[in-house]
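Data first, discussion second: the structure below is written as structure tokens.
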Amino acid sequence: MKDLSQLITEVEETLTPYFKEIEKRAYENQAKVLDAFHKIKITETDLLGSTGYGYDDFGRDHLEAVYAETFKAEDALVRPQIISGTHAITVALQSLLKPGDALMYITGSPYDTLLEVIGVNGSGIESLKEYGIDYQEVPLNQGAIDVKAVLEAVTPKTKVIAIQRSKGYDQRPSITVDEIESAISQIKAVYPELIVFVDNCYGEFVEKREPIEVGADLIAGSLIKNPGGGLAKIGGYIAGRKNLVERCGYRLTAPGIGKEAGASLNALHEMYQGFFMSPHVVSQSLKGALFTSLLLERCNMQTTPSYDAPRTDLIQTVSFNSAEQMIQFCQSIQAASPVNAHFSPEPSYMPGYEDDVIMAAGTFIQGASIELTADGPIREPYEVYVQGGLTYEHVKIAVTRAVEKMLNEGLISI
Ligand SMILES: *Cc1c(COP(=O)(O)O)cnc(C)c1O
């Protein structure tokens with residue numbers, strides 16, 4: 001039997017040129033964020049925050065300007081009052097769609113929690129469906145956006161085209177910014193009035209360009225994923241066309257008040273610093289994902305994407321033969337976490353998800369998947385989604401220990 005440490009040395013040698021590419025991208029994105037800080041002239045007092053109504057919260061307004069500048073958007077809403085990615089996307093969709101309109105997802109079925117927002121799953125209470133908003137879905141064709149089918153499916157009611165960049169908990173490839181560009185240009189050539197919304201969760205700073213740069217009208221994401229850089233303790237963002245972001249502000253707070261109010265309390269310092277750190281932290285997660293991918297592949301396991309495939313998000317999928325193996329792998333990742341390592345995760349119900357979910361998340365910030373986490377719904381084909389990692393070293397240690405355990409128990413061989 002080959003020695004595991006020997007195998008790891010080989011894996012890292014193979015990955016060296018790919019790591020160089022990731023470092024290059026991090027450099028470019030770091031420059032983009034730094035230049036945005038300079039353009040908006042961030043000062044020390046911007047980091048302080050406000051209380052009460054939060055009127056004249058210049059730090060909050062300047063942070064939103066930094067996001068807008070970085071993502072090449074006209075405006076942005078970046079708030080601790082947006083509690084998660086699902087909330088950010090919900091605010092965006094509820095603002096864009098009115099009774100009688102239809103929403104069309106063109107990347108197949110969306111992320112689990114959004115099915116309840118739309119009204120496909122769950123009680124339907126306060127869903128888009130309850131407000132008389134129709135839902136259309138065009139599946140991917142061999143992993144790609146089926147533009148022809150989309151153009152055929154558009155009806156006079158269709159108002160918003162939604163694209164989910166990351167595969168989320170689905171067995172499909174993630175959609176690169178190039179692919180998003182091609183789809184948007186073809187769709188807008190025929191239907192220029194359609195609004196294109198992109199769920200950008202897990203995608204920020206993985207590529208050189210973001211979806212607004214290729215024609216998306218509005219994007220949204222979570223600050224406990226990429227753009228929070230592991231430091232933001234809460235928050236979500238929406239960025240895009242000014243009139244649409246204004247609507248989102250009205251939806252988030254109240255008509256007439258919109259973006260003008262909303263105290264940032266003590267959240268700004270970490271939101272700024274996290275955004276500044278994000279390109280680097282994303283690069284660490286990506287290196288960890290490549291390591292996970294190649295090491296497990298060399299252990300004869302199935303994992304996607306391959307280490308040499310182009311990436312647009314942080315997610316690495318690992319397949320197991322049974323629920324037991326899947327659970328054990330997640331438990332190994334938990335055991336290598338900095339926090340709660342001595343607790344062992346079990347599958348359980350999670351609000352917004354149809355199946356029981358197992359979640360290894362020994363994170364500093366609860367459920368933050370920019371930190372190393374492994375999770376997945378307990379359903380065939382028993383896929384675990386491994387993502388995040390504040391440092392490459394941590395991902396390497398955790399995945400190596402998980403592999404060691406599987407080797408010791410004879411579950412895999414090298
Ligand atoms: C995580 C995620 C969401 C939802 O974000 P939460 O913060 O978990 O609510 C939506 N879409 C995609 C693609 C995601 O990865």
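Note that ligands are numbered from 1 as they come in the structure, with each ligand's atoms numbered from 1 the same way. Residues take their numbers from the sequence shown, with the count starting at 1. Every heavy atom of this structure was used, including side-chain atoms; hydrogens, water molecules and symmetry mates were not.
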Using a 4.0 angstrom limit on heavy atoms, which residues are close to ligand 1?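 If the criterion is a heavy atom under 4.0 Å, then ligand 1 touches Ser84, Gly85, Thr86, Ile89, Tyr111, Gln164, Asp199, Cys201, Tyr202, Ser222, Lys225.
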Going by atom types alone, do Arg165 and Thr312 pair a side-chain donor with an acceptor below 3.5 Å?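 Yes, because at least one side-chain N or O of Arg165 sits under 3.5 Å from a partner of the opposite role on Thr312.
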Side chains of Gln387 and Asp313: is there a donor and an acceptor less than 3.5 Å apart?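 Their side chains do not contain a donor-acceptor pair, so the 3.5 Å distance test is not met.
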For Asn321, all residues meeting side-chain contact (heavy atoms from CB on, under 4.5 Å), sequence neighbours excluded: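 With sequence neighbours excluded, Asn321 shows a side-chain contact (heavy atoms from CB on, under 4.5 Å) to Gln325, given in chain and number order.
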Hey, can you pull the donor-acceptor pairs under 3.5 Å for the side chains in residues 31-40, sequence neighbours left out?
residue	atom	partner	partner atom	Å
Lys32	NZ	Lys208	O	2.8
Lys39	NZ	Glu69	OE1	3.4

With Tyr111 via ring-ring contact (aromatic ring centres under 6.0 Å, His included) - residues at least two apart: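 With neighbours one apart ignored, the set is Tyr169.
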If you look at every heavy atom in Ile378 and Ala323, which pair is closest and at what distance?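 Shortest heavy-atom separation between Ile378 and Ala323 comes out as CG2-CB, 4.2 Å.
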